[in-house]
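As a basis for the values below, the full set of heavy atoms in this structure was taken, side chains included, without hydrogen atoms, waters or symmetry mates.
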Amino acid sequence: MRSFLGRDILSLKGFERAEFEHVFDVCDELAPIARRRRNADLLAHKTLLTAFYQPSTRTRLATEAAMHRLGGHVLGFSDAKMTRAGDFYQESIKDTVHMLEYYGDVIAMRHFEQGAPAEAARWASVPVINCGDGWGEHPTQVLTDLYTTRCELGTVDGVTFLLVGDMRMRTMHSILYALSQFDAQAYVVGPPDMSLLPEFKAELDALSVRYREAESVAEVIADCDVVYMEPVVQPDYTKSRDERGDVVGTTPEAYRVTRELLRERAKPGAIVLHSLPRMDELPEDVDATRHARYWQEAFNGVVMRMALLALVLGAME
């Protein structure tokens with residue numbers, strides 16, 4: 001297994017099975033710190049720099065909370081328009097990163113351009129963590145999702161996932177890459193114009209990912225252990241900011257998960273994950289069911305980022 005010390009976390013493509021298991025084990029070790037809501041001093045002499053060129057609530061704040069829980073320091077920006085990268089100068093990633101690397105020990109970056117964190121990693125002398133890049137990948141979120149699955153079901157092996165939403169989404173890319181390392185399978189459900197692209201299918205086939213496309217949630221939910229959701233009504237992730245217009249679309253019934261559907265067709269022990277925010281694809285009354293795990297997922301998001309920060313900065317081996 002490759003060392004995590006000084007390592008960039010950019011993609012789950014090529015992430016090895018042993019690496020997943022090691023990250024999960026470190027999460028288990030650090031989870032009590034977050035659960036007690038007490039800050040430790042594991043990273044007391046380290047600084048996280050957050051470079052968020054795109055809006056974020058959970059990912060940015062969970063990453064910052066993780067650094068605080070480990071006793072570290074945080075600085076950064078949450079809107080590129082407040083920086084020289086987003087004003088008249090349109091400063092390049094190379095120039096920005098050459099500057100930022102002197103301000104912190106690790107950089108967490110979200111960007112509307114696919115591949116931007118990888119470009120940053122080319123120029124940075126400190127580790128770069130990809131917190132979502134356009135339609136590319138979102139490794140920290142999917143590591144959180146798989147860790148939540150392991151916590152709730154005891155394993156990822158033998159699990160059948162139902163992936164619902166826009167298959168162009170960065171989370172969908174990351175989770176399908178990740179499933180290549182587990183004895184798991186997935187049903188893929190989304191609108192035809194948001195289906196898996198042929199070149200991505202070819203990658204998945206080369207990685208021996210076990211997946212099957214279906215037309216609706218209702219058709220396959222009875223076979224699934226994890227319902228993993230993203231909206232089909234969503235912004236354009238290639239933009240730095242996409243404001244809501246006067247007309248907001250609604251989610252077709254085929255891609256919604258309702259309380260009634262869960263009661264009538266889902267396995268009793270099936271869990272529902274959603275990285276949030278949600279639209280009408282997941283009504284709020286699902287929150288009160290035994291299937292909802294997205295709030296636990298949010299807690300685990302802090303724990304997962306604690307583990308990644310501790311690993312890349314050498315506080316955990």
Side-chain angles (χ1 to χ4, degrees), residues 4-14 43 45-68 70 72-143 168-171 173-174 234-245 275 277 301 304-306 308-314:
F4 279 91
L5 177 62
R7 179 170 162 184
D8 303 309
I9 307 296
L10 302 173
S11 170
L12 294 186
K13 184 179 180 181
L43 295 178
H45 304 294
K46 298 293 185 180
T47 298
L48 162 71
L49 195 144
T50 54
F52 275 64
Y53 291 75
Q54 203 175 38
S56 171
T57 305
R58 282 147 290 274
T59 301
R60 182 176 66 86
L61 294 179
T63 305
E64 293 183 0
M67 193 64 173
H68 285 300
L70 295 177
H73 309 279
V74 178
L75 72 158
F77 58 86
S78 59
D79 187 347
K81 292 186 181 301
M82 303 302 294
T83 76
R84 293 297 190 179
D87 74 350
F88 172 84
Y89 289 96
Q90 298 293 305
E91 188 174 35
S92 69
I93 288 176
K94 175 183 176 181
D95 285 4
T96 301
V97 168
H98 267 321
M99 174 188 65
L100 297 182
E101 66 180 346
Y102 297 114
Y103 301 162
D105 303 291
V106 57
I107 298 171
M109 175 180 280
R110 169 172 286 189
H111 206 286
F112 52 89
E113 291 182 356
Q114 186 173 339
E119 173 69 10
R122 286 183 59 200
W123 305 110
S125 60
V126 299
V128 174
I129 298 176
N130 179 5
C131 292
D133 61 326
W135 296 108
E137 282 199 62
H138 199 342
T140 66
Q141 179 61 53
V142 167
L143 285 167
R168 302 169 301 171
M169 282 286 287
R170 49 199 178 202
T171 48
H173 295 159
S174 287
Q234 61 181 6
D236 183 345
Y237 282 86
T238 65
K239 296 180 180 179
S240 60
R241 180 176 294 276
D242 198 356
E243 302 288 350
R244 176 182 286 190
S275 62
M304 174 54 65
R305 291 165 177 97
M306 289 169 65
L308 292 175
L309 289 168
L311 284 165
V312 301
L313 291 174

Test your reading of the model: is there a side-chain donor-acceptor pair from [X] to the backbone of [Y], 3.5 Å cut-off?
X: N130; Y: G132; result: yes
X: D105; Y: T47; result: yes
X: S174; Y: T171; result: no
X: D133; Y: P117; result: no

Could you tell me whether the side chain of [Y] reaches within less than 4.5 Å of the side chain of [X], counting heavy atoms only?
X: E137; Y: K13; result: yes
X: I93; Y: H111; result: yes
X: R84; Y: Q90; result: no
X: I9; Y: F4; result: yes
X: L143; Y: L12; result: yes
X: I129; Y: D8; result: no

- Note on the structure: Distance col, row E119:CD vs Q114:CD, nearest 0.5 angstrom, shows 13.5 Å

- Query: Near H45 NE2, under 6.0 Å, is it more than 12 heavy atoms from other residues, nucleotides or ligands?
  - Reply: no

Closest contact, heavy atoms only, [X] versus [Y]:
X: M306; Y: L70; result: O-CD1, 3.4 Å
X: Q54; Y: F112; result: NE2-CB, 3.6 Å
X: Y103; Y: M99; result: OH-CG, 3.2 Å
X: R58; Y: P277; result: NH2-CD, 3.0 Å
X: P139; Y: S11; result: CG-N, 4.2 Å

- Message: Working note: L309 + L43, criterion side-chain contact (heavy atoms from CB on, under 4.5 Å); need CA distance, chi angles, decisive distance, verdict.
- Response: CA-CA 9 Å; L309 289 168; L43 295 178; 4.0 Å; yes

- Message: If only side-chain N and O atoms count, and only distance matters, is there a donor-acceptor pair under 3.5 Å linking T59 with R110?
- Response: yes

- Message: If we count only N and O atoms by modelled type, under 3.5 Å, do the side chains of E91 and T96 hold a donor and an acceptor together?
- Response: yes

- Under the side-chain contact (heavy atoms from CB on, under 4.5 Å) criterion, do C131 and T63 qualify, and how do the steps go? CA-CA 9 Å; C131 292; T63 305; 4.3 Å; yes

- Message: Set out, in order, the CA-CA distance, both residues' side-chain angles and the distance that settles side-chain contact (heavy atoms from CB on, under 4.5 Å) for K94 and R122, then state yes or no.
- Response: CA-CA 8 Å; K94 175 183 176 181; R122 286 183 59 200; over 6 Å; no

- Note on the structure: Taken in chain and number order and not counting sequence neighbours, the residues that satisfy salt bridge (charged side-chain N to carboxylate O under 4.0 Å, His left out) with R60 are E64

- Item | Residues which pass salt bridge (charged side-chain N to carboxylate O under 4.0 Å, His left out) with E101, listed by chain and number, not counting sequence neighbours | none

- Query: Under 6.0 Å from the six-membered ring centre of W135 and within 45° of its axis: does the NZ or CZ of R168 meet both?
  - Reply: yes

- Query: Looking at L48, V106, V126, which one forms a side-chain contact (heavy atoms from CB on, under 4.5 Å) with L313?
  - Reply: V106

- Applying ring-ring contact (aromatic ring centres under 6.0 Å, His included) to H138 and not counting sequence neighbours gives none

- Geometric class of the Y53/F77 ring pair [parallel <30°, tilted 30-60°, perpendicular >60°]: perpendicular

